[in-house]
Amino acid sequence: MALTGRAALLAALGSLPVGIWEPSWTGILAVNAPLAVACACDFALAAPVRRLGLTRSGDTSVRLGETADVTLTITNPSRRPLRARLRDAWPPSSWPPGTETAASRHRLTVPPGERRRVTTRLRPTRRGDRQADRITVRSYGPLGLFSRQGTHRAPWTVRVLPPFTSRKHLPSKLARLRELDGRTSVLTRGEGTEFDSLREYVPGDDTRSIDWRATARQTTVAVRTWRPERDRHILLVLDTGRTSAGRVGDAPRLDASMDAALLLAALASRAGDRVDLLAYDRKVRALVQGRTAGDVLPALVNAMAMLEPELVETDARGLTATALRTSPRRSLIVLLTTLDAAPIEEGLLPVLTQLTQRHTVLLASVADPHITEMATARGNADAVYEAAAAAQAQSERHRTAEQLRRHGVTVVDATPDDLAPALADAYLALKTAGRL
């Protein structure tokens, strides 16, 4: 059988078995001088690694679950061609498990005095900043017998943003908002509404909306129309304490809360309301204030990218005091936290009156769909015990929600997939009732 390439060369030079790969210099000199000369020449003809120039370009941000391309430009200033294997190292969470090797390793050839580009495609599995690690280059000679190896650093950061999967609900919520805003015939009146215009009376209209002075000046009955007030202030409060770390499905509760907050922020900014963000456990983890309608969503997404649950008990008094300082005027405070009995009864309820006296409070919590499945389980003793435990957990959760409602709090309790649209519906309901 004919031998080719490196194996043929080793066999032709004699003395060494065909399978030997990258032997030591001592072994080469001791066995076969011609082979040693060949290896020395191969090593000498390998392009130097230290003099390479490496620069980066490409994406600086990406939504979780999507891909980001980072391009590495390699410049070869030497007089020898670069034949190399390159490893572009990033943190393990930059790719799904098992795909790092294929994504981070590249083969390339760079002629003398020229440059080439390779692209590393990232698909991060966690939020936050992903920073490039070392670049390892192994330069081979023309025979591939020996190589030079060195490392370089070319700093680059890719920020992994929340996925905002609930944005698919935004068109339907905006359609409802347009109804409330007077762009259709569905108009409401309440404490939080303001006069919009006059129109002709239609049978079925509320007679309390008839404008008698305007009617006296014309031949038809005139009716006042109303629209929800604009420029209301909304404070989104993310509880980043211990309970937000609990996983529901494949993600922490905090991630579902952030997704719901983003949908509400997008909807409220379109409604002309001002939206701020406060993330808190025992100290402020993120604060976004005073952004315009066009800037608020990017600012929230960027701030949320760096948030992680903290394994500490949330300081309810500190959270309340910070929220009151952040919102000195009457606002809608949306508290995204747990409905577990202990944190609510021991932490939030004693200080809740401070919030409800000055603000409208809406509490949103992530429910575990597995509890609902357990509650319907039957068939054997284990399933019955699980169903009883689930029923007890649901009962405690409902009791806690009722306690909050008695204090004037609007409560939204939904699974991760349903929390964002349910929270948006609650906001629109408050708009409709004129409570904003």
Side-chain angles (χ1 to χ4, degrees), residues 6 22 41-164 286 295 297-308:
R6 188 164 52 239
E22 293 189 357
C41 292
D42 195 49
F43 179 79
L45 291 174
V49 173
R50 292 184 179 180
R51 296 173 55 193
L52 296 177
L54 292 95
T55 58
R56 291 189 187 272
S57 60
D59 297 328
T60 57
S61 63
V62 61
R63 291 193 181 277
L64 185 65
E66 298 179 358
T67 59
D69 290 339
V70 179
T71 300
L72 190 63
T73 302
I74 302 96
T75 304
N76 179 17
S78 72
R79 299 179 180 179
R80 285 165 278 177
L82 174 69
R83 309 169 186 86
R85 294 180 183 178
L86 180 147
R87 179 175 182 260
D88 188 7
W90 290 75
S93 59
S94 301
W95 299 278
T99 64
E100 183 268 342
T101 300
S104 64
R105 286 165 170 76
H106 308 275
R107 288 178 177 269
L108 73 156
T109 300
V110 185
E114 296 188 15
R115 65 184 62 180
R116 293 291 185 269
R117 293 181 176 89
V118 295
T119 299
T120 301
R121 176 159 291 180
L122 309 178
R123 190 180 180 87
T125 58
R126 292 180 58 187
R127 288 180 292 101
D129 285 348
R130 296 293 170 270
Q131 297 180 347
D133 203 344
R134 294 175 298 177
I135 303 164
T136 303
V137 181
R138 180 174 290 180
S139 171
Y140 291 91
L143 301 177
L145 297 175
F146 269 81
S147 64
R148 303 170 184 263
Q149 180 169 306
T151 60
H152 293 261
R153 289 191 180 273
W156 195 260
T157 301
V158 175
R159 175 157 291 186
V160 187
L161 307 174
F164 193 14
D295 295 337
L297 201 60
L300 294 183
V301 169
N302 195 55
M304 290 178 181
M306 303 305 296
L307 291 178
E308 293 292 344

Of all heavy-atom pairs between Glu66 and Pro124, which one has the smallest distance, and what is that distance?
O-CD, 3.7 Å
Side chain proximity check, Thr119 to Leu72, heavy atoms < 4.5 angstrom:
no
Distance in Å, Thr157 OG1 paired with Asp59 CG, rounded so as to fall on 0.5 Å steps:
13.0 Å
Closest heavy-atom pair, Thr125 versus Leu64, reported as atoms and distance to 0.1 Å, is C-CD1, 3.5 Å
Side chain proximity check, Pro48 to Arg80, heavy atoms < 4.5 angstrom:
yes
Which atom of Gly141 lies closest to which atom of Ala46, heavy atoms considered:
N-CB, 3.6 Å
If you take all heavy atoms of Leu307 and Ala286, which pair is closest and at what distance?
CD2-CB, 3.9 Å
Arg138 and Arg87, any side-chain heavy atoms less than 4.5 Å apart:
no
Counting C-beta onward and ignoring hydrogens, is there a side-chain heavy-atom pair between Arg123 and Thr99 closer than 4.5 Å?
no
Lys/Arg N to Asp/Glu carboxylate O, Asp133 vs Arg153, below 4.0 Å:
yes
If you look at every heavy atom in Asp88 and Leu86, which pair is closest and at what distance?
N-CD2, 3.9 Å
Under the side-chain contact (heavy atoms from CB on, under 4.5 Å) rule, what do Thr109 and Arg116 come out as? Steps first, then yes or no, please.
CA-CA 8 Å; Thr109 300; Arg116 293 291 185 269; over 6 Å; no
Any side-chain heavy atom of Ser94 within less than 4.5 Å of one from Glu100?
no
Are the side chains of Phe164 and Leu300 in touch, meaning some heavy atoms are under 4.5 Å apart?
no
